[in-house]
Amino acid sequence: MAPRKIAAGNWKMNGDLAALAQLDALAGAVDGRCQVVICPPALLIHPMSSKSVPGIEVGGQDCHAKASGANTGDLAAAQLRDAGATHVILGHSERRADHGETDADVSAKAVAAHQAGLVTIICVGETEGQRDGGDTLQVISQQLAGSVPDCATAENTVIAYEPVWAIGTGRTPTDDQIAEVHARIRADLSKRFADGADMALLYGGSVKAANAAQIFAIADVNGALVGGASLKAEDFAPIIAALAAA
Ligand code: 13P
């Protein structure tokens, strides 16, 4: 099995019920040649999944490690599943930075998500300081080792490499920099998991229509986790098309 191709959109804290109309506009761009997942704010998961747009799956942006309990403001993985989500993003750098999430937290959340039947999109990525210090590959390996649980398989886990300094900045790494990190991720996963060679690896950070085809041509890049350019169908559709053609 070759890794599947996935165009994932992370709407972050953007969008409202009116924004669901973007899915109708996107429907024509989805032809089954790659998987398409949109992760809206949690309140929009159920209305989005209820639209049942063929070929578009829905995901959460975080979940709690526990199945239920006294955790005000949090969401359990099974609740995301119940609302129609099939995927959940975990360990995004914004959650690591804003909510102090550790690798161990991310791993525990991933276990809970897998138990609930969700596919996890687990994020790793270095800061600009770590890259400048020559620590990128070590940071990535450490995050992977700590954030990806032993129950991960090519079916239930997708890895997203998102350099923190490339998110929302319009700056992207060179092709060689992306290739180097993705090769490291592939090597680490292949060493640890029997089906590590088949896990989908996404690149994220300032992906847009203008650079998508070039990024998708890089070895071991099986898709993208897209922020800003996933909000509007006119921006996301050409990225999906570039991945389908890759
Ligand atoms: P941008 O595509 O807006 O840079 O965001 C990337 C990201 O963080 C997706 O999770």
Side-chain angles (χ1 to χ4, degrees), residues 5-15 19 22 26 34-42 44-45 48 56-63 80 85-99 101 106 109-110 113 118-128 130-131 136 139-140 143-144 147-148 157-175 177-178 181-182 185 200-216 218 221-243:
K5 298 197 282 189
I6 306 171
N10 176 8
W11 281 14
K12 307 190 179 184
M13 199 170 69
N14 300 291
Q22 294 301 321
L26 205 55
C34 64
Q35 216 176 335
V36 177
V37 184
I38 298 182
C39 302
L44 297 179
I45 290 173
M48 187 177 277
I56 300 182
E57 295 177 270
V58 182
Q61 299 175 8
D62 177 47
C63 71
L80 297 178
T86 53
H87 291 66
V88 63
I89 297 170
L90 293 175
H92 192 282
S93 61
E94 287 153 15
R95 292 209 59 88
R96 291 177 186 264
D98 298 348
H99 301 272
E101 287 189 12
V106 177
K109 289 173 180 217
L118 295 172
V119 175
T120 52
I121 301 172
I122 299 176
C123 303
V124 296
E126 81 286 2
T127 63
E128 187 157 34
Q130 289 166 333
R131 177 162 284 279
T136 298
V139 166
I140 298 300
Q143 288 180 342
L144 264 188
S147 304
V148 180
T157 300
V158 175
I159 305 297
Y161 167 53
E162 297 206 314
V164 177
W165 52 273
I167 294 175
T169 59
R171 297 166 59 203
T172 49
T174 64
D175 293 359
Q177 287 172 328
I178 295 175
V181 174
H182 278 239
I185 295 172
L201 310 187
L202 313 184
Y203 167 77
S206 297
V207 175
K208 45 187 184 284
N211 60 19
Q214 185 176 338
I215 290 170
F216 296 146
I218 298 169
V221 175
N222 310 120
L225 181 54
V226 184
S230 72
L231 295 172
K232 293 238 159 25
E234 68 195 60
D235 297 327
F236 199 30
I239 295 172
I240 294 169
L243 182 59

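All ligand and atom numbering here is 1-based and tracks the order in the structure. Remember, predicted model here, so these are calculated numbers, not experimental data.
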For Leu225 and Ala160 the tightest heavy-atom approach is CD2-CB, 3.8 Å

Do me a favour and list the nearest non-hydrogen protein atom to atom 7 (C) of ligand 1 with residue, atom name and distance? Glu162 OE2, 3.1 Å

Heavy-atom contacts under 4.0 Å between Ile167 and ligand 1: side chain, backbone, both, or neither? both

I'd like to know whether ligand 1 has Gly168 as a neighbour, heavy-atom separation below 4.0 Å. yes

Can you run down the side chain to side chain donor-acceptor pair (under 3.5 Å) pairs that involve residues 159-170, sequence neighbours left out, and say none if there aren't any? His92-Glu162, Glu126-Tyr161, Glu126-Trp165, Arg131-Tyr161

Close-contact set for ligand 1 against Gly205 heavy atoms, below 4.0 Å: 4 (O), 6 (C)

Tell me, which protein residue and heavy-atom name are nearest atom 2 (O) of ligand 1, and how many Å apart are they? Gly227 N, 2.9 Å

Proximal ligand 1 atoms for Leu225, defined as those under 4.0 Å from one of its heavy atoms: 9 (C), 10 (O)

Any heavy atom of Ala229 closer to ligand 1 than 4.0 angstrom? no

Once you round to the nearest 0.5 Å, how far does CD1 of Ile121 lie from CG of Leu90? 9.0 Å

For the residue pair Ile45 and Pro40, establish whether any side-chain heavy-atom pair is separated by less than 4.5 Å. yes

I'd like to know whether ligand 1 has Lys12 as a neighbour, heavy-atom separation below 4.0 Å. yes

Taking His182 as the fixed residue, which of Ile140, Leu201, Ile159 is the one that meets the side-chain contact (heavy atoms from CB on, under 4.5 Å) rule? Leu201

Nearest-neighbour protein heavy atom for atom 3 (O) of ligand 1, which is reported as residue plus atom name and distance: Gly228 N, 2.8 Å

Within the 4.5 Å heavy-atom criterion, are Phe236 and Ile38 side-chain neighbours or not? yes

Kindly confirm or rule out an N or O of Ser206 lying under 3.5 angstrom from an N or O of ligand 1. yes

Donor-acceptor contacts under 3.5 Å from residues 6-13 side chains, at least two apart:
| from | atom 1 | to | atom 2 | distance (Å) |
| --- | --- | --- | --- | --- |
| Asn10 | OD1 | Lys12 | N | 2.9 |
| Trp11 | NE1 | Ser230 | O | 3.0 |
| Lys12 | NZ | Glu94 | OE2 | 2.8 |

